[in-house]
Amino acid sequence: MGHEALFITVTCPSKYHRAFPKSGVANPKWEGFMPDEANSYLNHQWQKARAEFKRQNIAHYGFRVAEPQHDGTPHWHMLFFIESEKLDALKAIIRHYALEVDGDEKGAAENRCDFKQIDPNKGSATGYILKYIARNIDSEGVGEDKFGNDSLLVAQRIDAWASC
């Protein structure tokens with residue numbers, strides 16, 4: 001159909017994160033939010049984005065995978081397909097709602113949402129999202145995650161997180 005493939009990662013403001021990712025040190029901005037509250041926040045922001053997509057007649061389709069970060073706070077990975085001429089508008093809307101709450105805090109602009117346009121010369125959109133889906137099933141054949149952790153152990157932790 002000639003649509004663009006876009007991989008998106010969206011995460012919560014720092015007040016939802018219990019600890020810093022690299023050091024594991026307690027985050028002084030954490031306001032005691034639990035992972036389910038963080039996921040509710042993401043869902044609420046997404047509802048507003050979807051309403052704006054509808055107002056602007058932006059139709060996309062694809063996948064969304066929720067995944068826990070280092071401290072259990074979820075972030076969302078999404079793979080969307082969309083008409084080329086509507087790609088920039090979609091990104092602007094997602095960025096707007098990702099930064100609507102505490103968007104001026106340090107690191108928000110760089111870390112709150114990330115867009116990667118899929119280049120078919122480097123790999124398929126399916127391959128890009130597959131590792132995130134596999135981690136949330138059983139991680140069979142994934143190997144290690146980006147931190148060098150065994151993917152089967154990571155999948156077990158994700159399963160435990162999701163059941164909570």
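These numbers come from the heavy atoms of this one structure, side chains and all, not from hydrogens, waters or symmetry mates. In this text the structure is predicted, and so the values were computed from the model without any measurement.
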> Just wondering, more than 12 heavy atoms not from His44 lying within 6.0 Å of its NE2?
Replying inline: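 No, because the 6.0 Å sphere around NE2 of His44 holds 12 heavy atoms or fewer from other groups.
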>> Just to verify, what does Trp46 make a side chain to side chain donor-acceptor pair (under 3.5 Å) with, not counting sequence neighbours?
In response: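 If we apply the side chain to side chain donor-acceptor pair (under 3.5 Å) test to Trp46, skipping adjacent residues, there are no hits.
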>> Using the side chain to side chain donor-acceptor pair (under 3.5 Å) criterion, which residues pair with Glu83? Sequence neighbours excluded.
In response: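 Side chain to side chain donor-acceptor pair (under 3.5 Å) list for Glu83, sorted by chain: empty.
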If you define the side chain from C-beta out and look only at heavy atoms, does anything of [X] sit under 4.5 Å from [Y]?
X: Trp76; Y: Asn39; value: yes
X: Leu6; Y: His60; value: no
X: Pro13; Y: Tyr41; value: yes
X: Phe81; Y: Met1; value: no
X: Gln56; Y: Leu90; value: no

From [X] [atom1] over to [Y] [atom2], what is the distance, rounded to the nearest 0.5 angstrom?
X: Cys12; Y: Gln45; atom1: SG; atom2: CD; result: 9.0 Å
X: Glu67; Y: Thr73; atom1: CD; atom2: OG1; result: 12.5 Å
X: Leu79; Y: Phe7; atom1: CG; atom2: CZ; result: 7.0 Å
X: Ile82; Y: Ile58; atom1: CD1; atom2: CD1; result: 6.0 Å
X: Leu87; Y: Glu4; atom1: CG; atom2: CD; result: 6.0 Å
X: Ile94; Y: Phe80; atom1: CD1; atom2: CZ; result: 5.5 Å

> Is the cationic atom of Lys91 (NZ for Lys, CZ for Arg) positioned less than 6.0 Å from the six-membered ring centroid of Phe115 and within 45 degrees of its normal?
Replying inline: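 Cation-pi check for Lys91 and Phe115: passes.
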>> Can a donor-acceptor pair be found, under 3.5 Å and without considering hydrogens, that links the side chain of Arg112 to the backbone of Asp102?
In response: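 Yes, the answer is positive, given that a donor and an acceptor are paired below the 3.5 Å cut-off.
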> Do any N or O atoms from the side chain of Glu52 and from the backbone of Ala49 form a donor-acceptor pair under 3.5 angstrom?
Replying inline: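 No, Glu52 side chain to Ala49 backbone: no donor-acceptor pair under 3.5 Å.
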Considering all heavy atoms, the nearest [X]-[Y] contact:
X: Gly103; Y: Ala108; answer: O-CB, 3.4 Å
X: Asn27; Y: Ser14; answer: ND2-O, 2.9 Å
X: Arg55; Y: Lys48; answer: NH2-O, 4.4 Å

>> For a side chain to side chain contact (heavy atoms under 4.5 Å, CB included) check, start with the C-alpha distance between Trp30 and Asp71, then their side-chain angles and the critical distance, and finish with the verdict.
In response: CA-CA 11 Å; Trp30 183 53; Asp71 61 355; over 6 Å; no
>> Let's go through Thr9 and Lys116 carefully: what are the C-alpha distance in whole Å and the side-chain angles of both, what is the deciding distance for side chain to side chain contact (heavy atoms under 4.5 Å, CB included) to 0.1 Å, and is it a yes or a no?
In response: CA-CA 9 Å; Thr9 301; Lys116 289 187 177 45; over 6 Å; no
> Is it true that Lys15 and Glu105 have a side-chain N and a carboxylate O under 4.0 angstrom from each other?
Replying inline: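 Looking at Lys15 and Glu105, the cut-off is not met.
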Report yes or no: do [X] and [Y] belong to one cluster of Ile/Leu/Val/Met/Phe/Trp/Tyr joined by side chain heavy-atom distances under 4.5 Å?
X: Phe33; Y: Leu42; answer: yes
X: Tyr61; Y: Ile118; answer: yes
X: Phe53; Y: Leu99; answer: no

